[in-house]
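Below is one structure, written out as structure tokens; comments come after it.
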Amino acid sequence: MNINTHFRELRNNYFFVDVLNKSHAYARLHPDAKILHLGIGDVTMPLPGASIQAMQKAVDELAHKETFHGYGLEQGSDFLRRAILDNDYAPLGVDLSLDEVFISDGAGSDIGNTSDLFAANNRVAVLDPVYPAYVDTNVMAGREITYMPCQAENGFVPEPPKEHVDILYLCFPNNPTGTTLTRYQLQRFVDYALAHKSIIIYDSAYEIFIEDPDVPHSIYELEGAKEIAIEIRSYSKTAGFTGVRCGYTIVPKETGLQQMWYRRQCTKYNGTSYISQRGAEATYSPEGKAQVMSNIRHYKQTAQLIAVGLRSLGYEVWGGKNAPYIWCRTPHQMDSWSFFDMLLEQCQVVCTPGVGFGELGQGYVRFSAFSDRKDVEEALKRMKTLA
Ligand code: PLP
């Protein structure tokens with residue numbers, strides 16, 4: 001047996017684990033310290049009531065022979081795919097068909113799974129810094145990676161690559177910088193992909209946070225995008241489904257990949273849980289929509305609190321408006337981990353070191369709106385004492 005040696009090229013440890021290990025080690029040494037967690041990417045608000053009721057009803061259905069559901073369609077149930085088209089795309093004027101919507105168990109899986117569609121000799125472009133899954137997926141597959149720099153100098157808005165690449169991974173609203181692309185900026189990537197016959201994997205797990213009218217909610221709002229884009233979305237951050245698991249992937253027929261993806265799913269995926277899909281469907285009911293937006297408003301207020309608070313302490317920050325993340329430059333050119341350590345040791349506050357998202361994240365840290373508001377207030381108070 002020969003193993004996939006590309007795994008050796010992965011960075012050793014998943015850096016979120018390092019963050020946890022450091023905060024646990026501090027807690028063991030200082031059992032009385034109240035550590036405030038402001039870096040976490042997991043949601044904190046409970047599920048919308050409408051989803052809970054729908055999932056309870058789904059469990060009851062499974063309890064009786066007459067209403068029991070076994071295997072569902074590999075591509076997801078029609079009721080959820082129809083709700084997605086009617087609610088997420090029709091209002092944007094985006095016309096897709098039911099068989100272009102594939103329900104998943106979350107964005108994370110399909111970021112990795114879509115890799116099956118492409119040969120190993122494709123050149124890939126990934127943002128730097130960014131959520132690590134795109135890099136890791138392609139390192140595992142042995143593909144060459146080009147980085148698209150996102151820095152303060154370009155407002156964390158990348159340029160399409162100068163050279164030819166076959167696959168581009170875009171993540172907007174962005175994790176970790178919290179920035180977005182305007183219509184014009186995204187159209188440039190679509191035009192690049194059309195000209196180069198490339199494909200864009202567009203991860204918009206944080207779409208629900210978009211509020212600026214000039215920021216597109218879907219890549220398919222842009223001319224030509226259906227020919228070159230796969231869009232990945234999730235109910236994780238939208239509706240608190242990080243533990244329930246449900247998302248979806250759009251593969252338009254114009255990409256020439258829809259049948260391949262269907263074939264792949266039929267072989268390797270036996271469908272998303274009926275219970276999760278009913279829970280996701282309920283987020284589109286009138287009550288569900290109101291409950292989802294109430295949670296999002298809560299996170300947005302927390303994001304504002306963090307951004308305004310950090311600015312008032314003299315930090316340079318980005319994001320926090322169309323995204324739940326606040327990207328903060330470390331003071332005195334400290335590296336990300338040194339600032340992380342200082343914040344933990346002097347303020348008992350945990351953030352996420354930016355360098356974990358890529359080399360260009362060095363010198364930044366990420367704060368998250370998925371934090372307790374009281375903890376944010378307390379953290380800002382403690383941070384006043386920093387030299
Ligand atoms: N994409 C981005 C940009 C994320 O930040 C995350 C999770 O933090 C995911 C995808 C994974 O989401 P899911 O829970 O749907 O797998």
Side-chain angles (χ1 to χ4, degrees), residues 14-17 19-20 37-45 47 51 76 80 84 88 101-115 126-138 148 150 156 158 168-181 186 200-210 215 217-219 229-250 269 272-273 276-277 279-280 283 292 295-296 299 303 319-320 322-327 351-354 356-358 361 366-371:
Y14 206 48
F15 85 104
F16 292 111
V17 177
V19 170
L20 269 184
H37 294 272
L38 264 56
I40 293 172
D42 197 355
V43 287
T44 46
M45 300 286 281
L47 291 166
S51 296
L80 180 54
I84 288 166
D88 288 347
V101 185
F102 294 84
I103 309 301
S104 69
D105 61 358
S109 308
D110 279 359
I111 290 167
N113 294 340
T114 43
S115 172
V126 179
L127 307 171
D128 182 9
V130 83
Y131 181 64
Y134 323 112
V135 171
D136 288 357
T137 291
N138 284 289
M148 297 179 278
C150 300
F156 300 99
L168 295 93
Y169 286 82
L170 295 180
C171 169
F172 290 101
N174 186 263
N175 178 10
T177 65
T179 49
T180 44
L181 295 186
L186 185 55
I200 296 176
I201 312 282
Y202 194 70
D203 179 357
S204 59
Y206 299 95
E207 176 275 334
I208 192 91
F209 287 87
I210 295 172
V215 175
H217 287 255
S218 163
I219 192 166
I230 290 176
E231 182 160 280
I232 298 179
R233 289 210 196 169
S234 169
Y235 296 95
S236 282
K237 311 302 161 87
T238 305
F241 274 51
T242 48
V244 176
R245 310 306 302 151
C246 195
Y248 64 86
T249 297
I250 306 287
Y269 189 61
T272 306
S273 140
S276 301
Q277 291 191 75
T283 63
V292 163
N295 282 0
I296 298 300
Y299 292 133
N322 296 293
Y325 297 121
I326 296 95
W327 191 235
C351 61
T352 309
F357 297 98
R366 187 193 75 176
F367 289 94
S368 162
F370 302 125
S371 306

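Just so you know, residue 1 is the first one in the sequence shown, and it goes up from there. Numbering of ligands and ligand atoms starts at 1, following listing order.
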Inset, instruction - Give a yes or no on whether the backbone of Gly247 and the side-chain of Ser234 come within a donor-acceptor separation of less than 3.5 Å. - result: no
Inset, instruction - Could you tell me which atoms of ligand 1, counted from 1 in the order shown, lie closer than 4.0 angstrom to a heavy atom of Ile111? - result: 1 (N), 10 (C)
Inset, instruction - Run the contact test for Ile232 against ligand 1 with a 4.0 Å cut-off on heavy atoms, strictly below, and give the result. - result: no
Legend entry - Heavy-atom donor-acceptor pair, Asp136 side chain to Ala133 backbone, under 3.5 Å: no
Inset, instruction - For Thr137 and Tyr134, indicate whether the former's side chain and the latter's backbone hold a donor-acceptor pair under 3.5 Å. - result: no
Inset, instruction - Indicate yes or no for a side-chain donor-acceptor contact from Tyr325 to the backbone of Pro173 under 3.5 Å, with no hydrogens or angles considered. - result: no
Legend entry - Sub-3.5 Å N/O-N/O distance, Ser109 and ligand 1: no
Legend entry - Nearest-neighbour protein heavy atom for atom 2 (C) of ligand 1, which is reported as residue plus atom name and distance: Asp203 OD2, 3.4 Å
Legend entry - Lys237, any N or O under 3.5 Å of ligand 1 N or O: yes
Inset, instruction - Look at the side chain of Ser204 and the backbone N and O of Tyr206, then say whether any donor-acceptor pair between them is shorter than 3.5 Å. - result: no
Legend entry - Phe15 to Pro353 - nearest heavy-atom pair and separation: CE1-O, 3.6 Å
Legend entry - Under-4.0 Å heavy-atom contact with ligand 1, by part of Ala107 that carries it: both
Legend entry - Ligand-side contact atoms (ligand 1) for residue partner Tyr134, heavy atom cut-off under 4.0 Å: 3 (C)
Inset, instruction - Assign the ring pair Phe357 / Phe16 to parallel, tilted or perpendicular, where the plane angle (0 to 90°) is split at 30° and 60°. - result: perpendicular
Legend entry - Contact check: Thr242 vs ligand 1, nitrogen or oxygen atoms, below 3.5 angstrom: no
Legend entry - Option passing side-chain contact (heavy atoms from CB on, under 4.5 Å) with Leu170 (candidates Val130, Asp203, Leu127): Leu127
Inset, instruction - Check if Cys171 has a non-hydrogen atom at a distance under 4.0 Å from any atom of ligand 1. - result: yes
Inset, instruction - Could you tell me whether a side-chain N or O of Ser276 sits under 3.5 Å from a main-chain N or O of Val244, the two making a donor and an acceptor? - result: yes
Inset, instruction - Considering the heavy atoms of Ser234, write down every atom of ligand 1 situated less than 4.0 Å from one of them. - result: 13 (P), 15 (O)
Legend entry - Proximity to ligand 1 by part of Tyr325, non-hydrogen separation under 4.0 Å: neither
Inset, instruction - Check each heavy atom of Tyr206 against ligand 1 and say whether those closer than 4.0 Å belong to the side chain, the backbone, both or neither. - result: side chain
Legend entry - Within-cut-off N or O pair, Gly106 and ligand 1, under 3.5 Å: no
Legend entry - For Ser236, the ligand 1 atoms whose distance to one of its heavy atoms is below 4.0 Å: 13 (P), 14 (O), 15 (O)
Inset, instruction - Assess Tyr169 for proximity to ligand 1: is some non-hydrogen atom of it under 4.0 Å away? - result: no
Inset, instruction - Could you tell me the residue and atom name of the protein heavy atom closest to atom 11 (C) of ligand 1, and the distance to it rounded to 0.1 Å? - result: Tyr131 OH, 3.4 Å
Legend entry - Backbone of Thr272 reached by a side-chain donor or acceptor of Gln277 within 3.5 Å: yes
